[in-house]
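Comments concern the structure below.
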Amino acid sequence: MIDKRVRSLAEAVDGIKDGSVVLAAGFGGAGSPEALYGALLEQGAKDLTIVNNNAGTGRIGLAGLMDAGRVRKIICSYPRSSGSVVFEELYRANKIELELVPQGILSERMRCAGAGLGGFWSPTGVGTRLADGKEEREIDGRHYVLEKPLKGDVALLKADRGDRWGNLTYNKSARNFNPTMAQAASLSIVQVRRFVELGEIDPEHIITPGIFIDRMVEVPV
Amino acid sequence: MIDKRVRSLAEAVDGIKDGSVVLAAGFGGAGSPEALYGALLEQGAKDLTIVNNNAGTGRIGLAGLMDAGRVRKIICSYPRSSGSVVFEELYRANKIELELVPQGILSERMRCAGAGLGGFWSPTGVGTRLADGKEEREIDGRHYVLEKPLKGDVALLKADRGDRWGNLTYNKSARNFNPTMAQAASLSIVQVRRFVELGEIDPEHIITPGIFIDRMVEVPV
Amino acid sequence: MPLSRKQIAWRAAQDLGDGVYVNLGIGLPTLVADVLPEGREIVLQSENGVLGVGPAPNENELDLDLVNAGKQPVTLLKGGSYVHHTDSFLMIRGFHLDLALLGAFEVAENGDLANWTTDDPKFPPGVGGAMDLAAGAKEVRVLVEHTTRDGSPRLRKQCGYPLTAMQVVKRIYTDLAVIDVTKDGFVVKEMVADIDFDALQAKTEATLHKAPDIKVLSAPAM
Amino acid sequence: MPLSRKQIAWRAAQDLGDGVYVNLGIGLPTLVADVLPEGREIVLQSENGVLGVGPAPNENELDLDLVNAGKQPVTLLKGGSYVHHTDSFLMIRGFHLDLALLGAFEVAENGDLANWTTDDPKFPPGVGGAMDLAAGAKEVRVLVEHTTRDGSPRLRKQCGYPLTAMQVVKRIYTDLAVIDVTKDGFVVKEMVADIDFDALQAKTEATLHKAPDIKVLSAPAM
């Protein structure tokens with residue numbers, strides 16, 4: 001029997017290794033697996049690379065992991081959200097590495113990894129500083145730069161409903177990076193607002209099919 | 001007011017030009033816009049390139065277009081379905097051109113066009129005859145070939161429900177190539193089983209957002 | 001009188017036809033959402049996967065899972081839909097949006113856009129969706145104050161700040177003028193009444209050309 | 001006695017663990033769906049966007065919009081889902097499937113697979129999803145009759161027919177044996193009782209190695 005549900009947050013994040021690339025979902029608070037971020041702090045893995053649209057706010061969640069010295073590198077599109085105080089402190093002190101990636105390319109690079117492709121030619125950023133060091137090529141009269149797949153060791157996700165096979169739905173714009181990150185990581189862990197019976201989600205409405213999910217924990221927020 | 005509904009099949013296919021690349025959805029009968037294929041035959045455009053998984057069966061639909069001499073070239077993954085008699089006749093007589101593309105690459109190349117990318121590095125077909133003439137490259141120890149975007153002038157699609165903004169749902173495996181082809185063509189035309197009021201489809205359940213659709217016609221089969 | 005920020009947004013909004021799909025950048029362009037012309041269905045797209053963004057929610061409608069690219073709570077219009085981030089940027093990069101209305105630090109007369117970093121060493125750089133939008137919308141227009149707070153021109157021969165994209169801006173809405181970016185450079189289509197062309201030129205680094213049918217730029221009090 | 005086609009499928013099915021995600025190729029592998037072991041949840045994927053393919057429908061369940069990759073009507077298991085073609089091949093190409101069970105014309109001792117064209121000049125070639133499956137599943141296994149109808153070996157030193165993918169096949173189920181493809185070549189893990197190793201070798205072009213724990217291959221009558 002397929003049953004991807006686990007009983008505790010500790011069990012959900014068990015075994016995440018030092019040095020992991022962690023795909024961290026959410027856009028602002030929407031779709032952000034705060035309970036899993038907290039559990040990862042407890043779990044203790046360090047030397048992490050975090051992939052998120054931003055770089056944490058306040059001193060909890062992703063910022064909490066940074067504040068505790070667990071994060072070696074951030075790959076994000078916009079580390080300047082108001083309240084990204086921990087990141088800014090570490091950045092100024094040269095205690096964290098930053099790889100800045102345009103938001104759509106961040107997402108497309110993860111999809112590329114999930115789809116088993118070796119890279120893609122992107123028009124985004126051509127002629128800008130963010131294309132520095134990237135191979136450039138003209139194809140049919142337009143210029144592109146080569147972008148590489150971005151694969152995660154772990155994805156930390158948040159969904160609305162989930163069944164024991166790992167089929168997921170999301171709520172409104174909380175969908176954001178979650179479905180793509182689920183496809184791009186070796187180990188995909190999701191906090192789900194509500195477990196439902198197998199078959200309760202109409203198959204036409206499933207956004208993330210269970211094949212992309214490894215572990216689920218119920219967190220009713 | 002946005003209203004993409006048209007009143008007749010003739011209006012739906014109006015203006016399709018000779019020489020067009022036509023993305024033709026469906027996998028077997030499922031999701032296949034047979035009424036639009038018939039309308040395109042009536043409309044008269046010729047010298048067409050058809051992109052479909054197969055190469056038509058019987059003497060109607062896509063096979064009807066071929067039988068009437070309207071199709072210059074087929075881009076497909078599997079032209080050997082039982083009943084592809086028209087294609088086989090034309091192929092043996094050297095009266096139709098065939099570009100054979102692996103099924104997943106066919107779909108990915110259309111997505112690539114829809115996503116505004118210049119191409120992608122694919123592991124599929126490396127070391128096979130279908131990689132002949134394609135640029136090959138080793139990336140992180142694995143071999144890939146370069147695949148180019150495949151853009152349509154027109155997409156002919158079939159959906160289940162649709163509202164006046166062009167938001168669509170599909171029925172079961174009739175989804176197949178439809179959502180990707182809708183994204184990859186300059187003019188996306190869909191035959192819809194049932195028009196519904198704006199707002200009747202739950203926004204969480206929309207598979208193709210209306211932005212990808214240009215014209216819709218109701219055909220209740 | 002120069003236009004207020006809201007009036008600049010209003011002027012840009014007047015050019016949005018019925019049925020257009022538009023992305024509004026952070027900052028000044030976001031104000032466009034509040035001054036959309038009545039009687040037209042205009043579909044706002046937000047990078048985080050919302051197509052058909054509606055007005056800010058009232059208390060009963062508030063759902064923190066529904067935000068725009070600026071992470072402000074919004075609503076969804078009837079006919080709107082949700083997609084994931086990758087599909088959202090497929091829309092953006094694949095020329096599916098009719099228009100991106102973006103903010104800017106500088107625009108060059110060849111259409112180059114600089115709107116992502118001023119290289120302030122005190123802050124890490126951030127790019128967000130700006131480069132994708134600039135590269136992939138069918139048309140890019142900019143809303144920007146004509147000069148900086150200290151009077152330096154933002155409409156330049158070449159951008160001084162790092163580029164967001166090359167040769168993409170087609171029209172600029174400022175507090176003083178509406179300017180098209182053509183192959184001959186900046187062409188002034190409209191300017192406010194109480195400034196003369198030479199004075200406008202003095203506030204602009206690149207050469208301005210006068211459109212044959214130049215009009216007065218005005219906006220209702222708001 | 002050599003295994004029947006259904007018995008080959010049965011033998012391959014015995015190796016499917018609880019919870020595996022599997023794609024079944026057209027032809028012989030499709031028979032696996034009818035002989036799945038009881039008591040295990042095995043999730044069959046079909047290229048056309050069906051995850052969790054169930055048995056053939058009865059009259060009341062028949063919906064021509066629900067077919068498998070062979071375009072035969074199927075049903076959906078509870079817990080199954082639908083995706084579009086591009087996402088379906090993302091699953092296939094991105095190492096999300098545990099296993100692809102494929103048919104073959106030939107397999108070489110280095111794992112090369114030829115299963116898409118025999119270059120018959122009377123017919124156009126067709127590839128379908130074979131190359132994507134061979135390139136992207138976590139593991140590829142082949143179900144094939146040990147020799148052609150005229151007795152020519154299908155397990156070869158090198159494939160004679162055009163390749164589908166290089167060095168991907170890990171295990172082969174035939175009517176006579178279960179053979180692993182290792183870095184040392186073909187290793188016979190099981191063989192039917194009424195043939196000796198030399199006779200099996202005579203039906204195989206490439207050299208066969210005997211596994212230390214070689215077992216008898218048998219299947220129930222079916």
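Chain identifiers are assigned alphabetically (A, B, ...) following the order of the sequence lines, protein sequences preceding nucleic acid strands; residue numbering begins at 1 within each chain.
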> Is the number of heavy atoms from other residues, nucleotides or ligands within 6.0 Å of NZ (B:K73) greater than 12?
Replying inline: yes
>> Looking only at heavy atoms and a cut-off of under 4.5 Å, which of A:P203, A:G116, A:G118, A:S122 has the most pairs with chain B?
In response: A:G118
> Between A:H205 and B:H205, what is the ring plane arrangement, given parallel below 30°, perpendicular above 60°, and tilted in between?
Replying inline: parallel
> Between B:I139 and chain A, which part of the residue has a heavy atom less than 4.5 Å away: side chain, backbone, both or neither?
Replying inline: side chain
> If you take all heavy atoms of A:L117 and B:Y144, which pair is closest and at what distance?
Replying inline: C-CE2, 3.9 Å
> At what distance, to the nearest 0.5 angstrom, does CG of A:L146 lie from CZ of B:R137?
Replying inline: 6.0 Å
>> Less than 4.5 Å to any heavy atom of chain A: does that hold for the side chain of B:K172, its backbone, both, or neither?
In response: both
>> Are there over 12 heavy-atom neighbours, none belonging to A:I60, within less than 6.0 Å of that residue's CD1?
In response: no
>> Heavy-atom cut-off 4.5 Å, strictly under: side chain, backbone, both or neither for B:E108 against chain A?
In response: side chain
>> Is A:N171 in contact with chain B via its backbone, its side chain, both, or neither, using a 4.5 Å heavy-atom distance?
In response: both
> Which pair of heavy atoms, one from A:E204 and one from B:I207, lies closest together, and at what distance?
Replying inline: O-CD1, 4.1 Å
>> Taking NZ in B:K134 as the centre, count heavy atoms belonging to other residues, nucleotides or ligands within less than 6.0 Å. Is the count above 12?
In response: yes
> Got a sec: does the CG of B:D140 have more than 12 other heavy atoms crowding it under 6.0 Å?
Replying inline: no
>> With a 4.5 angstrom heavy-atom cut-off, is it the side chain or the backbone of B:D202 that approaches chain A, or both, or neither?
In response: neither
> Should the heavy atoms of other residues, nucleotides or ligands under 6.0 Å from NZ of A:K148 be counted, would the total exceed 12?
Replying inline: no
> Among B:P123, B:G119, B:A115, B:C112, which residue forms the greatest number of heavy-atom pairs with chain A at distances under 4.5 Å?
Replying inline: B:G119
